[in-house]
Participant: 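Got a structure for you, questions after.
Ligands are counted one by one from 1 in listed order, and the atoms in each one are counted from 1 as well.
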Amino acid sequence: MLVVCKFGGSSVSSPERFHQVKSIVESDDNRRVIVSSAIGKTTKDDNKITDLLYLLSAHVKYNINFDSILNKVKYRFNKIKEKLDLKIDLDKEFDEIVKHVDSEDYLVSRGEYLTSLMLSEYLGFRFIDAKDIIKFNYDGKINLEETYKLINEAYNSKDYIVDPGFYGSYPNGDIKLLSRGGSDITGAILARAINAERYENFTDVDGFYVASPKIVDSPKMIKEITYDELRELSYMGASVIHEETIFPIQDVNIPLYIKNTFNPDAKGTIINSSSADKSDIITGIAGKKDFISINVTKNKFSSKLEIIDYCLNVLKKYKVPVESIPTSIDSFSVVVEEKLAKNYIYDILSDLKKNEDIIDVKMDNNLALIAIVGRNMVYKPGISAKIFSILGKNNINIKLISQNTREISIIIGVQNEDFENAINKVYDGLIR
Ligand code: ASP
């Protein structure tokens, strides 16, 4: 049995935490494939190495002296090396890095590279460089076929390895980064390639909360969640792991465990394709503020299909994705994210007004969307009624309602200022 473990930045941020990682890895002989992020924060005021490296790269770009940032980076690595008595020649590594500071992807990737080199020495595991196994095409997409082949050539199931997350390379060997938080994806790719029994993602929380602890006081933990539910919640702002983590493992159903490095015995959250757990109707609640609803009224004689098509083409022209399109007989709204639309919103409105069949266009902003997600809501009457009555009783005006027939999530739109209150009231009414 093989288990892939990914450790996030806060799990490898100090010598003591390296020690914790070692005891987790050694407590189960199946934990043989380790993926590491770059050194992260131990305390709130610490800097993540990745952030420092991005900052260093900006200094290089604008020709500003970067010595003090580089020294900060060196200090964090050296502290771990010294305390753990590692042999790695960091001076040599940094001399090499300084020679190539012009390439941002290379420079930033050195966070995971050095952290993983040190972790491999500390664990006594073989180091495999992600640049040799995670391959990108020149269009920036991962070449999964090639990547899976290279991983299997580089790894045999008896081996114990550490691989840096977050980067790979183009066909010519140049380093290419994944998006922020991408080590989660690296772990999933490895799990898929070697057909792991499970993928354990170690972070600094016990698992996925039913609602954000930043909004709800002491929310419950989700025990089990399906890939689809997780995707809905991540899309609506719940962030524990990278949104794309599940792609490589979903269709082969490798379960993903969210675990806590600082409380490894906690069960964590299990994510898989289906769950037998029927105990909770609502799996999670998440949401985001700052959407705009563009409300379009057409004349009664025109075709709604054509007007919606026209409207979508205008949005396509400005590359603004659509969140939802609630419609009624002669009008419809198109909901878009404010940060993606704001630079073009007046151009969009003016393009819409150019259509003679559109008689009115109005914009409603400060809209927040809340997703109430749960696989067990399917065929269960009364859930939306409960949500509406909770919000009604608390004087929270619902501006938008959307649910598709898969019934896995109900989306409601409220004013930005009602956002936190609405989540709390729905949580209290349906979960607490
Ligand atoms: N270190 C990178 C970041 O901070 C990647 C990762 O941690 O997954 O985004």
Participant: Using atom types as modelled and distance alone, determine if a side-chain donor or acceptor of Asp428 lies under 3.5 Å from a backbone N or O of Lys425.
Facilitator: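 No, Asp428 side chain to Lys425 backbone: no donor-acceptor pair under 3.5 Å.
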Participant: Give the minimum heavy-atom separation between Asn260 and Thr203, together with the two atoms involved.
Facilitator: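 Closest heavy-atom pair between Asn260 and Thr203: OD1-O, 3.3 Å.
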Participant: Please check whether Ser37 reaches ligand 1 - meaning an N/O of the residue sits under 3.5 Å from an N/O of the ligand, judged on distance alone.
Facilitator: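 Yes - when backbone and side-chain N and O of Ser37 are compared with those of ligand 1, one distance drops under 3.5 Å.
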Participant: I'd like a table of donor-acceptor pairs (distance under 3.5 Å, sequence neighbours excluded) in which one partner is a side-chain atom from residues 332-340, with atom names and distances.
Facilitator:
unit_1: Ser333; atom_1: OG; unit_2: Asn295; atom_2: OD1; d: 2.8
unit_1: Glu337; atom_1: OE2; unit_2: Lys339; atom_2: NZ; d: 2.9

Participant: Just distances here: any N/O of Phe166 and N/O of ligand 1 closer than 3.5 Å?
Facilitator: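 Between Phe166 and ligand 1, no N or O pair is found under 3.5 Å apart.
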Participant: Can you confirm if the aromatic rings of Phe7 and Phe18 lie within a centre distance of less than 6.0 Å?
Facilitator: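 Distance test on ring centres: not under 6.0 Å, no.
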Participant: Does Thr50, backbone or side chain, put an N or O under 3.5 Å from an N or O of ligand 1?
Facilitator: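 Yes, Thr50 has an N/O under 3.5 Å of an N/O on ligand 1.
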Participant: Is Gly165 close enough to touch ligand 1? Criterion: a residue heavy atom under 4.0 Å from a ligand atom.
Facilitator: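 No.
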Participant: Can you check whether Lys135's main-chain N or O pairs, donor with acceptor, with Thr147's side chain at less than 3.5 Å?
Facilitator: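 Side chain of Thr147 to backbone of Lys135, a donor-acceptor pair under 3.5 Å: yes, one is there.
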Participant: Counting each atom of ligand 1 from 1 as listed, which ones have a heavy atom of Lys48 under 4.0 Å away?
Facilitator: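 What qualifies from ligand 1 is 4 (O).
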Participant: If you measure only the distance, is there a donor-acceptor pair under 3.5 Å linking the side chains of Glu104 and Ser57?
Facilitator: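 Note: Glu104 and Ser57 side chains meet the donor-acceptor criterion.
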Participant: Where do Phe202 and Arg31 come nearest, in terms of heavy atoms and distance?
Facilitator: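 Distance-wise, the nearest heavy atoms are CZ-NH2, 3.9 Å.
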Participant: For atom 6 (C) of ligand 1, what's the nearest protein heavy atom and its distance?
Facilitator: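 That would be Ser183 OG, 3.3 Å.
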Participant: Please verify whether a non-hydrogen atom of Gly181 lies at under 4.0 Å from ligand 1.
Facilitator: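 Yes; Gly181 lies near enough to ligand 1 that a heavy-atom distance drops under 4.0 Å.
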Participant: Checking a contact table here: which protein heavy atom is nearest atom 3 (C) of ligand 1, and how many Å away?
Facilitator: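 Minimum-distance protein heavy atom for atom 3 (C) of ligand 1 reads Arg180 NE, 3.3 Å.
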Participant: Measuring from non-hydrogen atoms of His242 to any atom of ligand 1, is the shortest distance under 4.0 Å?
Facilitator: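 The answer is no, since His242 has no heavy atom less than 4.0 Å from ligand 1.
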